[in-house]
Amino acid sequence: MRVDEFLKSDLSVDKFKIMQVNLGNLCNLACHHCHVEANPKGVNTMDKKTADLVIKTFKENNFQTLDLTGGAPEMNDNFIYIIENLKNFAKKIIVRTNLTILDTKEYEHLPEFYAQNNITLIASLPCYTKENVDKQRGNGVFQKSIKILKKLNSLGYGKNLELNLVYNPGGAFLPGNQNELEKDYKKTLLENYGIVFSHLFTITNMPIGRFKNELEKNGKFDEYMRLLENNFNETNISNLMCKNQISVGFDGKIYNCDFNQMLGLCLNENLQNISKVSNKIILKQHCLGCVAGAGSSCGGALEK
């Protein structure tokens, strides 16, 4: 299959198993690669009415996994409320954390809450060196991340509780081999900081949001798109996350994925109409980021 054939194909959903909920663009950080363009002044946050609708829809449609993301999802007023109402219904609850939010007084109690409720954590740590992390995410982020990772380890995370780290490339290139990077991360973090974790997920930088702006500013957007096209790998298509996952926006609108959400590629305006959502997946140029090389998803590389 060629790239143009893929983008014009009638790719469809197999079965909705995962509900990923983006609670909004409010975040204590403003990372360079963030496709959500989240920041401390983010105003798009999920209200109680929409949170109730998320809870109701999850229960009524037999979703298996709840995946909470943002921004920093912890900063949403209804974050704990959603978890408390779905922890006995979901087989798995995932929280995507930037780690540093857990080093603030208002949210320092959350690691214990996560451990008590067997929450799976997916934490962003784009490199195992201070220089690269701080360059991508802001000064002091690396040291705060290390501090919180140690706290999570003390609570059983990385041991009997699932703690996964996320690697994003620090520029306009594809991630390296996920297994090899995981070995490097585990060796370095253990030897230098005594930190352990479950798995490493490699995620390709998508050509949208702040990363797209940076590419265009540096005159590298077309070059990056050619890189994705030249590394098109059709064997990843059957494993794309949009085939079993649905994305819910802060306002209750429905999308195929968090990336389509940021581009406004809406499937339906109201979560109440989930039964009427088309099984056809909306494909655009940015989708090449998910199929290039070893593939990319919210759960890391697609090529096993």
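In what follows, every heavy atom counts, from backbone to side chain, and hydrogens, waters and symmetry copies are set aside.
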Show your reasoning for whether salt bridge (Lys or Arg N to Asp or Glu O under 4.0 Å) applies to Glu180 and Lys183. CA-CA 5 Å; Glu180 293 303 314; Lys183 291 176 184 176; 3.6 Å; yes

Any side-chain heavy-atom pair of Leu102 and Glu74 under 4.5 Å: yes

Please say yes or no: joined through hydrophobic side-chain contacts below 4.5 Å, possibly via intermediate residues, are Leu152 and Leu68 part of one cluster? yes

Assess, by modelled atom type and distance only, whether the side chains of Asn28 and Asn98 contain a donor and an acceptor separated by less than 3.5 Å. yes

Any chain of hydrophobic side-chain contacts (each under 4.5 Å) joining Phe58 to Val21? yes

Side chains of Leu165 and Leu149 in contact at under 4.5 Å (non-hydrogen atoms): yes

Is it the case that the side chains of Thr100 and Asp103 hold a donor-acceptor pair, with the cut-off being a distance below 3.5 Å and no angle test? no

Ignoring hydrogens and geometry beyond distance, is a side-chain donor-acceptor pair present between Asn205 and Asn168 at under 3.5 Å? yes

Judged by modelled atom types alone, do Ser247 and Gln261 share a side-chain donor-acceptor pair under 3.5 Å? yes

Can you list the steps and then say if Asp134 with Asn139 is a side chain to side chain donor-acceptor pair (under 3.5 Å)? CA-CA 5 Å; Asp134 286 2; Asn139 292 333; over 6 Å; no

Leu163 vs Asn153 side-chain heavy atoms within contact, under 4.5 Å: yes

If the plane angle is over 60° it's perpendicular, under 30° parallel, otherwise tilted; pick one for Tyr193 and Phe142. perpendicular

Run the side chain to side chain donor-acceptor pair (under 3.5 Å) check on Asp52 and Tyr81 step by step: do they pass? CA-CA 9 Å; Asp52 282 329; Tyr81 175 72; 2.5 Å; yes

Glu303 and Asn236: side chain donor to acceptor below 3.5 Å: no

Decide whether Tyr114 and Val166 are clustered together by the hydrophobic rule: side chain heavy atoms of Ile, Leu, Val, Met, Phe, Trp, Tyr closer than 4.5 Å, transitively. no

same_hphob_cluster(Phe211, Phe201) at 4.5 Å side-chain heavy-atom cutoff: no

Any side-chain donor near an acceptor of the partner, Thr57 and Gln272, under 3.5 Å: no

Lys48 versus Asn78, side-chain donor and acceptor atoms under 3.5 Å: no

Side-chain H-bond candidate by donor/acceptor type, Asn164 with Glu162, under 3.5 Å: yes

So, Asn22 and Asp258: side-chain donor and acceptor under 3.5 Å apart, yes or no? yes

Phe250 reachable from Leu66 in the ILVMFWY side-chain graph, under 4.5 Å edges: yes

Counting the benzene-type ring for Trp, do Phe173 and Tyr224 have ring centres under 6.0 Å apart? no

